[in-house]
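Remember, predicted model here, so these are calculated numbers, not experimental data.
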Amino acid sequence: MTSRILLAEDNEPLAQMLQTFLAAQGLDVLVAKSGVEALRLIASGNVDLLLLDLKLPELSGVEVLQKLRKSPQWAKLPVIVMTGVYKGEKYAEGARKLGVKHYLEKPFSRQAFLHAVQSTLAEIPGKTEAPKLLDHLIDIYDKGKSGLLTLPQGIQVSFFNGEPFSFLSKGKRDFAAFLVSAGKIGREDLKLFVDSNEERLFFTQAGLLTYEDLVDESRRFLSGTLTASLMEEAVTTFSEGTCNAELPLVPLSLPRLIYQAAKEGAGRFDADRFLAKFGSRYPARTRLFFRRTNLTTMRKADIELLELVDSRRSLNDIIAAGEARNESASFFSFLFSLGMIAFHETPSPDEEPDFPQKNLFNRPFEELKTAEEFKVGFDDLVEEVSNSVELVVGTEGMAAPLSSDEINFEQAVQRDYAAIQDKNYYGIFGLTRNNFSFNALKEAYFAKTRQYSPEKFMELSGTTMNIAQDILSHYANAYNTLSNVVAKERYDEMLNADTTMGLDGKQDDKLQARIQFQSGNVFLEMEEFENAEKALQEAYTLEPDNALHCAILAWAIYRNPANRSSRASQEKAKMLLAKSLQIEKCAEAFALRGWMLIDEGREGLAEGEFQKALKINPKDKNARDGLRQIAGKRETEKKGLFRRIFR
């Protein structure tokens, strides 16, 4: 049964906006413009919730609330207060004494308003809300349905076998307006598209976007629209069997989309409500966990959190061990919604995968068997001396095999330093690419570093202490590189060209910079902008005078959707690009600056930057694509001019 809400608000524009918003959530909304009208509507109809402005004409909101609480029939009517006048804790406390749980001070956010309404309605017995978008998406995905999903803003998303693959924009301004905001087309082009009543392919047919760009922008629009609707918990309708796809098709991974929405909306996730229900229970992986994990690209922090799921810890224990309570709770809510974990009253083991599986989290399966990942840091280093016979390389003339008891720590440090010279990252841990495994790497790393306790460091002279720090830094670089799948692949590529990469001060920094730079480029191609920005920032930190590293970092910051509304981030990207060109006139920097200028609608200046890039490198793809886009736009404008002249 749909809930009925009475909105008592005399500000007509605000009342209309809130009524439209609540109606989009599938709720029945009545509006009262005065306190007297509010009491009349409450008395005459079935009202489940009152949204009450305290400053109403005829009878104030405070008086309305007092009268309701004195009435046996309406004493327990849920009330949410909205006020722009009575602000402060003393007023909120007074409202709480009258049974008000949510006291919203204007201006309030849409998320705070929606949370107050939904949490209040959830507590009313016998009232069920209309299915939210997440409910529909999970049902569509689990049952492999095909059909048409209609979002509140009227956009229709086509599904096939449970996955979104297209959306309808014919006659709508949404997608065209998105292209304008992204700087891909001009406002005249938007009007041309709307007036033409054509489908999206018109943008390519008219030469406004290449087909590849149209596919990319369509995918971004669909992903962003669904993610935003998920975060707003929008109410939707789904017509099964009805499927009207519009080209180009842009299939999305639904688990990845829901995961992204969970991460972006973690800040306003109701962790208290979720943990009140499941916190004392024990999570365990289901068979669906193994089938759906590789369909997402999980962040390292979430993978580490999953390693705490061991049948002995309750969800509260696991969340307490995480770094961010809301983000951790939101992540487990995502897993639960997709059926990837189940909550049990008592400790229960994980289910086993029902199919052969070589990788998990898109990483080799054997790397993920351990319960906890070893952390790099002095506090974790165990002071323990090996009983094995070791060769000392020191300054006291010792060159014979001696036991660990016969050498001091200063000599041991010098021995370790000599032992890793000219060895690649595999070699310093006694491994090769053929026998590599995560467990072997971890054990070797622990064995190498456990003697470097803080107490042992205090025994060292200044010079040897610096050497010890270099050794530990090199161990950490090697461990972090080999334990990261993307970085390891880049390192292996470098080994194919150079097998003598060892410890050598600046050379090691350059090696790390190359690894991070190439890893960042891979993440950029995958549109994993957060990881790309992090890796490229590391490369830039290690080599701040490398023009190419500087330019690609600028582009990663600029392209990252999380930075679009941040003026500081956009300015940082432009400053980095300017710095890159000061260091060296490279084609990539000129081309990327050209694309930034296109986004600003300054095609003439952009064309000049693309020409500079091609003068340095005639094959630069970004510059060639940019010039094609400018030429196509001019041709379209010329045709439009001729049509206006001769019609």
**Request:** List the steps and the verdict of salt bridge (Lys or Arg N to Asp or Glu O under 4.0 Å) for E352 and R287.
**Result:** CA-CA 6 Å; E352 293 294 327; R287 288 179 178 175; over 6 Å; no
**Message:** Run the side chain to side chain contact (heavy atoms under 4.5 Å, CB included) test on I341 and V309 for me, step by step, so that the C-alpha distance in whole Å, both residues' side-chain angles and the decisive distance to 0.1 Å come before the verdict.
**Reply:** CA-CA 10 Å; I341 59 170; V309 177; 5.9 Å; no
Testing the basics here: between [X] and [Y], what is the closest heavy-atom pair and its distance to 0.1 Å?
| X | Y | answer |
| --- | --- | --- |
| L18 | M82 | CD1-SD, 4.0 Å |
| P347 | S311 | CB-O, 2.8 Å |
| D310 | R313 | OD2-NH1, 2.8 Å |
| I319 | A329 | CD1-N, 3.6 Å |
| I138 | L338 | CD1-CD2, 3.4 Å |
| V215 | V250 | O-CG1, 3.5 Å |

Side chain of [X], backbone of [Y]: donor and acceptor closer than 3.5 Å?
| X | Y | value |
| --- | --- | --- |
| S158 | Q156 | no |
| S119 | H115 | yes |
| T227 | S223 | yes |
| T286 | A342 | no |
| S146 | G241 | no |

For the atom pair [atom1] ([X]) and [atom2] ([Y]), what is the distance rounded to the nearest 0.5 Å?
| X | Y | atom1 | atom2 | result |
| --- | --- | --- | --- | --- |
| E240 | D139 | CD | CG | 8.0 Å |
| T293 | L335 | OG1 | CG | 7.5 Å |
| L226 | L134 | CG | CG | 11.5 Å |
| S328 | L305 | OG | CG | 4.5 Å |
| I552 | I557 | CD1 | CD1 | 11.5 Å |
| I42 | L50 | CD1 | CG | 4.5 Å |

Measuring only between side-chain heavy atoms, which start at C-beta, is [X] closer than 4.5 Å to [Y]?
| X | Y | answer |
| --- | --- | --- |
| F159 | L148 | no |
| I258 | P255 | no |
| L98 | V79 | no |
| E93 | R96 | yes |
| H344 | R281 | no |
| F167 | T225 | no |
| R200 | S166 | yes |
| I303 | E307 | yes |

**Message:** Determine whether F332 and I318 satisfy the following criterion, side chain to side chain contact (heavy atoms under 4.5 Å, CB included), listing intermediate values before the conclusion.
**Reply:** CA-CA 10 Å; F332 274 96; I318 295 171; 3.8 Å; yes
**Request:** Show the numbers, then the answer: is there a side chain to side chain contact (heavy atoms under 4.5 Å, CB included) between Y141 and E163?
**Result:** CA-CA 6 Å; Y141 185 71; E163 295 274 19; 3.5 Å; yes
**Asked** Taking it one step at a time, do D354 and R291 satisfy salt bridge (Lys or Arg N to Asp or Glu O under 4.0 Å)?
**Response** CA-CA 9 Å; D354 56 352; R291 286 196 172 271; 3.2 Å; yes
**Asked** Would the number of heavy atoms belonging to other residues, nucleotides or ligands and lying under 6.0 Å from NZ of K145 be above 12?
**Response**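 Enclosed.
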**Message:** Please determine whether the number of non-hydrogen atoms from other residues, nucleotides or ligands lying under 6.0 Å from atom NZ of K101 exceeds 12.
**Reply:**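 At most 12 heavy atoms, drawn from other residues, nucleotides or ligands, come within 6.0 Å of this atom.
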**Request:** Begin with the C-alpha distance, continue with both residues' side-chain angles, and end with the deciding distance and a verdict on side chain to side chain contact (heavy atoms under 4.5 Å, CB included) for R299 and Y259.
**Result:** CA-CA 10 Å; R299 303 176 188 182; Y259 174 74; 3.6 Å; yes
**Asked** Taking it one step at a time, do R325 and D272 satisfy salt bridge (Lys or Arg N to Asp or Glu O under 4.0 Å)?
**Response** CA-CA 10 Å; R325 183 173 181 269; D272 291 335; 3.0 Å; yes
Below 30° counts as parallel, above 60° as perpendicular, anything between as tilted: where do the rings of [X] and [Y] land?
| X | Y | value |
| --- | --- | --- |
| F343 | F278 | parallel |
| Y558 | W555 | parallel |
| F175 | F221 | perpendicular |

